[in-house]
Peer 1: 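There's a structure below that I have some questions on.
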Amino acid sequence: MTWTKAERYRSLRDVSALDMETLRTKTAASPWRFGYHIQPPTGLLNDPNGFTYFNGEYHMFYQWFPLGPVHGLKHWYHVTSTDLVTWTDRGVALVPETTEDSHGAYSGSGFVADGELHVMYTGNHRTDDWTRHASQLIGVLRDGKIERRNVAIPDVPAGYTEHFRDPKVWLENGSYYAIVGAQRENETGCVVLYRSSDLNDWTFLGEVKTGLDPFGYMWECPDMFELNGQHVLVFSPQGIEPDGHRYHNIYQSGFVIGKLDLETLTFEHGVFEELDFGFDFYAPQTTEHEGRRLLVGWMGLPEIDYPTDRFGWAHALTLPRELSIEDGMLKQRPVQAMTKLRQAEFVNVSGTAVGASTPNRYELELTTDGSDFTLELLQVGDESLVIRYDASNRELTIDRTNAGEPFATEFGTTRTNVMDVTSLHLFVDSSSVECFVNDGEAVATLRVFPSELDKQLRYEGATASLIGWTYE
């Protein structure tokens, strides 16, 4: 289907109840709907937004185009959870209908101020000749809806293009700071910083000076936070060329660790590292609660067709991860509360050759002695997702060449990380796999679209222990 501009920019308010019910029926017919991930009721989900702990609940919003698996007029959808595992649907929280967000409520962040949950997001406006204009808007969540509070940053500062978006707000020493993803007029990416004492008047402090210049043509979804005494800048640079085993997705997401000087805006940091070496991960956002720094990403990428498109929906959010810095390394672990989903064990064995039938949704832990191994998941006949480790080259490779319905093959069908490997912790849902390596030293997230037949797992290698729990 070819989507016209008019179709992409219809508001949800202009869609009949019958049309939405037809869409929901089409989506429900998909064999790849998730069991325990956040997913859209219809249409396209993308960036996680407004991730905040407030009033005893985690609040998560996400970018949502309700009418199909394409990017169009973005709304914000709202879900909440007390444990980061089971999420309650709260419905549409933000319908773009002001001049500033007439062509989409783009990404932004959440924060608590004056006892209320606030958000700052990018309003996208297009003129009659389709010229883009970006504004940064503040809203307040009341009775389940985000009400407009004020236009915090109405214009783009001199020296930058209208690719200026995705503010992340935090409070430090009595002042609010907002870091914004930007593109310079020479079409290189960066981040800039603003400060405010009252959320009304915002002062442009300038560009954060990093050692990454140039590094792509746009930096999206920046997130700056302190962790274990250091600053971490997470962002999604666009326009990075592949380099060895790195940077093979259409766009990347990663981080640098260092120290930010808020007076000089100088950020002394280490090397840029990818957050996830899988195929389908982008636009992550973090929040903090009770000393825990938590991250959720978009399990998908822009400008790629997915097999679910023909059912009128696309994408999901990743499982929440808890972050820490240990021995200079950023570790990402699945939140401990995921154990609540464990039901019966479907495998609990040790050996050099293991085979087992698997449910559609499960958790699996594999522990080895660091030798070569091959693990096949979602195996039906010649179809399987292959995870293999070559100890001599320290290469862990995930191969989805024959893992169900193919897609995005122009970006390759394997991903490799170079590291010593002694354990994998896997979460398999109806159409996704998340693989945590060595207790969170690395993570790979990917979508897969397997056959609906009964599936197997197979392991071959040195003696390993495998224990798995069904999530159904």
Side-chain angles (χ1 to χ4, degrees), residues 106-109 111 120-122 134-136 152-197 199 201-241 243 246-247 251-275 282-286 288 293 295 323 325 328-330:
Y106 280 17
S107 289
S109 56
F111 57 99
M120 182 190 273
Y121 68 97
T122 300
S135 307
Q136 314 309 314
I153 304 170
D155 297 302
V156 175
Y160 302 91
T161 75
E162 292 289 344
H163 290 287
F164 193 84
R165 53 183 174 267
D166 312 335
K168 178 67 189 287
V169 175
W170 76 92
L171 180 65
E172 184 168 340
N173 297 326
S175 294
Y176 293 97
Y177 291 86
I179 192 167
V180 182
Q183 181 187 67
R184 304 182 187 103
E185 287 184 339
N186 68 358
E187 297 187 354
T188 57
C190 64
V191 291
V192 301
L193 206 59
Y194 286 81
R195 182 173 58 211
S196 175
S197 60
L199 300 179
D201 298 316
W202 289 80
T203 300
F204 177 64
L205 300 180
E207 191 175 304
V208 176
K209 304 175 187 70
T210 71
L212 300 170
D213 187 15
F215 194 66
Y217 61 77
M218 173 64 192
W219 292 7
E220 293 196 309
C221 303
D223 193 338
M224 177 74 79
F225 53 89
E226 210 169 329
L227 186 62
N228 302 118
Q230 299 185 77
H231 287 108
V232 182
L233 172 62
V234 171
F235 64 102
S236 297
Q238 297 180 323
I240 307 300
E241 293 297 319
D243 178 13
R246 302 189 302 167
Y247 313 148
Y251 302 127
Q252 322 311 319
S253 294
F255 65 93
V256 289
I257 299 174
K259 202 67 180 176
L260 173 66
D261 186 325
L262 282 172
E263 296 303 315
T264 65
L265 301 190
T266 301
F267 187 38
E268 300 288 344
H269 59 79
V271 299
F272 178 84
E273 301 279 0
E274 289 183 279
L275 270 165
Y282 196 64
Q285 186 171 104
T286 75
E288 187 272 337
R293 178 61 58 172
L295 177 146
L323 307 183
I325 297 177
M329 174 186 293
L330 183 72

Peer 1: Among residues at least two apart in sequence or on other chains, which ones pass side-chain hydrogen bond (donor to acceptor under 3.5 Å, both in side chains) with Thr188?
Peer 2: Arg184, Asn186
Peer 1: Would you please name every residue forming a side-chain hydrogen bond (donor to acceptor under 3.5 Å, both in side chains) with Tyr106, sequence neighbours left out?
Peer 2: Asn124
Peer 1: Can you name the residues that form a side-chain contact (heavy atoms from CB on, under 4.5 Å) with Ala283, not counting sequence neighbours?
Peer 2: Asp47, Cys221, Trp298
Peer 1: Once salt bridge (charged side-chain N to carboxylate O under 4.0 Å, His left out) is applied, do any residues pair with Arg293, and if so which ones, sequence neighbours excluded?
Peer 2: none
Peer 1: Supply the atom-to-atom distance Asp155 CG to Phe204 CZ, rounded to the nearest 0.5 angstrom.
Peer 2: 12.5 Å
Peer 1: Considering all heavy atoms of both residues, which atom of Ile240 and which atom of Gly216 are nearest to each other, and what is their separation?
Peer 2: CD1-N, 3.5 Å
Peer 1: Among residues at least two apart in sequence or on other chains, which ones pass side-chain hydrogen bond (donor to acceptor under 3.5 Å, both in side chains) with Asp243?
Peer 2: Arg246
Peer 1: Holding to ring-ring contact (aromatic ring centres under 6.0 Å, His included), I want the full list of residues that pass it with Tyr176, two or more places apart in sequence or in another chain.
Peer 2: Phe111
Peer 1: Sequence neighbours excluded, which residues qualify as ring-ring contact (aromatic ring centres under 6.0 Å, His included) partners of Tyr177?
Peer 2: Trp170
Peer 1: If you round to the nearest 0.5 Å, how far is OG1 of Thr210 from CZ of Phe215?
Peer 2: 9.0 Å
Peer 1: With sequence neighbours excluded, what pairs up with Ser196 under the side-chain contact (heavy atoms from CB on, under 4.5 Å) test?
Peer 2: Asp198, Trp202
Peer 1: According to the side chain to side chain donor-acceptor pair (under 3.5 Å) rule, which pairs have a member within residues 221-234, sequence neighbours left out?
Peer 2: Lys168-Asp223, Asp223-Thr286
Peer 1: Please tabulate, for side-chain N and O atoms in residues 266-275, each donor-acceptor pair with protein atoms closer than 3.5 Å (sequence neighbours left out).
Peer 2:
residue : atom : partner : partner atom : Å
Thr266  : OG1  : Thr264  : OG1          : 3.1
His269  : NE2  : Gly211  : N            : 2.9
Glu274  : OE1  : Tyr247  : N            : 3.4

Peer 1: Rounded to the nearest 0.5 Å, what's the gap from OH on Tyr251 to CD on Gln238? Could you check?
Peer 2: 4.5 Å
Peer 1: Considering non-hydrogen atoms only, spot the tightest contact between Pro222 and Val191 and give its length.
Peer 2: CB-CG1, 3.6 Å
Peer 1: Let me confirm one number: the OH-CD distance from Tyr282 to Gln252, rounded to the nearest 0.5 Å.
Peer 2: 8.5 Å
Peer 1: Supply the atom-to-atom distance Leu265 CG to Leu260 CG, rounded to the nearest 0.5 angstrom.
Peer 2: 7.0 Å
Peer 1: Any donor and acceptor pair, going by atom type alone, linking the side chain of Thr122 with main-chain N or O of Asp166 inside 3.5 Å?
Peer 2: yes
Peer 1: For His163, give me all partners under side-chain hydrogen bond (donor to acceptor under 3.5 Å, both in side chains), at least two apart in sequence or on another chain.
Peer 2: Arg165
Peer 1: Report the distance from atom CZ of Arg195 to atom OG of Ser175, rounding to the nearest 0.5 Å.
Peer 2: 5.5 Å
Peer 1: Please name all residues satisfying salt bridge (charged side-chain N to carboxylate O under 4.0 Å, His left out) with Asp201, sequence neighbours left out, ordered by chain then number.
Peer 2: none
